[in-house]
Novice: 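Take this structure, written in structure tokens, and hold onto it; I'll ask about it next.
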Amino acid sequence: MRKSFKLDEIDCANCALKLEDAIKEVEGVADAKVNFLTQKLTLTTADDADFDEVLDRVVALTAQVEPDCEILR
């Protein structure tokens, strides 16, 4: 399953890349794209049934990697 989310307060392109790389390492994530210009996260999971669980892990990771950034659901 693939969904896009608005990001709030991603400060720079380097921060976006760092966040994207970290999200790609989360278990259950098939692909992730963080676009600094549009302030969007596109998240693709390997299993549709686990999407909400994977998203929760991504949200928690985002708070650790970029504390000022928030994924708006």
Side-chain angles (χ1 to χ4, degrees):
M1 175 180 288
R2 179 175 35 191
K3 289 188 179 180
S4 293
F5 300 92
K6 183 78 176 151
L7 295 173
D8 187 38
E9 299 292 326
I10 191 83
D11 295 330
C12 68
N14 284 336
C15 297
L17 182 60
K18 180 173 73 170
L19 181 60
E20 180 180 299
D21 289 343
I23 291 172
K24 286 180 178 180
E25 298 298 319
V26 172
E27 182 180 343
V29 172
D31 194 26
K33 301 286 184 214
V34 175
N35 188 315
F36 170 67
L37 293 177
T38 62
Q39 300 281 300
K40 275 190 177 177
L41 163 66
T42 303
L43 180 65
T44 306
T45 59
D47 186 4
D48 292 353
D50 294 336
F51 188 85
D52 290 333
E53 184 180 315
V54 172
L55 180 59
D56 289 342
R57 288 194 294 258
V58 168
V59 168
L61 176 75
T62 299
Q64 292 176 359
V65 174
E66 288 297 323
D68 293 335
C69 182
E70 181 181 357
I71 297 173
L72 304 176
R73 299 187 203 195

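Keep in mind the model is a prediction, meaning the values are calculated, not measured. Numbers here are sequence positions counted from 1.
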Novice: Going through the distances and angles, do Lys33 and Asp31 end up as a side chain to side chain contact (heavy atoms under 4.5 Å, CB included)?
Specialist: CA-CA 7 Å; Lys33 301 286 184 214; Asp31 194 26; 3.6 Å; yes

Novice: Can you name the closest pair of heavy atoms from Gly28 and Val54 and give their distance?
Specialist: CA-CG2, 4.0 Å

Novice: For the residue pair Lys3 and Phe51, would you count it as a cation-pi contact if the rule is NZ or CZ under 6.0 angstrom from the ring centre and within 45 degrees of the ring axis?
Specialist: yes

Novice: Rounded to the nearest 0.5 Å, what's the gap from CG on Leu7 to CG on Asp68? Could you check?
Specialist: 13.0 Å

Novice: Can you check whether Ile10 reaches Phe36 side chain to side chain, under 4.5 Å on heavy atoms?
Specialist: yes

Novice: Please examine the side chains of Ile23 and Leu43, heavy atoms only from C-beta on, and report whether any two atoms are closer than 4.5 Å.
Specialist: yes

Novice: Give me the atom names and distance for the closest heavy-atom approach of Ala46 to Ala30.
Specialist: N-CB, 3.8 Å

Novice: To check you understand the geometry: which heavy-atom pair defines the closest contact between Phe5 and Leu55, and what is its length?
Specialist: CZ-CD2, 3.7 Å

Novice: Looking at every non-hydrogen atom in both residues, tell me the closest pair between Arg73 and Val59 and how far apart they are.
Specialist: NH2-CG2, 3.3 Å

Novice: Decide yes or no for Glu27 and Arg57: does some side-chain heavy atom of the first lie under 4.5 Å from some side-chain heavy atom of the second?
Specialist: yes

Novice: In sequence, state the C-alpha distance, the side-chain angles, and the governing distance for Arg2 and Thr42, and then conclude on side chain to side chain contact (heavy atoms under 4.5 Å, CB included).
Specialist: CA-CA 7 Å; Arg2 179 175 35 191; Thr42 303; 3.5 Å; yes

Novice: I need the minimum non-hydrogen distance between Thr38 and Asn35, along with the two atoms involved.
Specialist: N-OD1, 3.0 Å

Novice: Taking side chain to side chain contact (heavy atoms under 4.5 Å, CB included) as the criterion, tell me which of Ile71, Val65, Val58, Asn14 meets it with Leu19.
Specialist: Val65

Novice: I need the minimum non-hydrogen distance between Thr62 and Cys69, along with the two atoms involved.
Specialist: CG2-O, 3.9 Å

Novice: Can you confirm whether Lys6 sits close enough to Asp8 that some side-chain heavy atom of one is under 4.5 Å from a side-chain heavy atom of the other?
Specialist: no

Novice: Considering only NZ, NE, NH1 and NH2 on the basic side and carboxylate oxygens on the acidic side, decide whether Glu66 and Lys18 come within less than 4.0 Å.
Specialist: yes

Novice: Are Val34 and Leu17 close enough that some pair of their side-chain heavy atoms sits under 4.5 Å apart?
Specialist: no

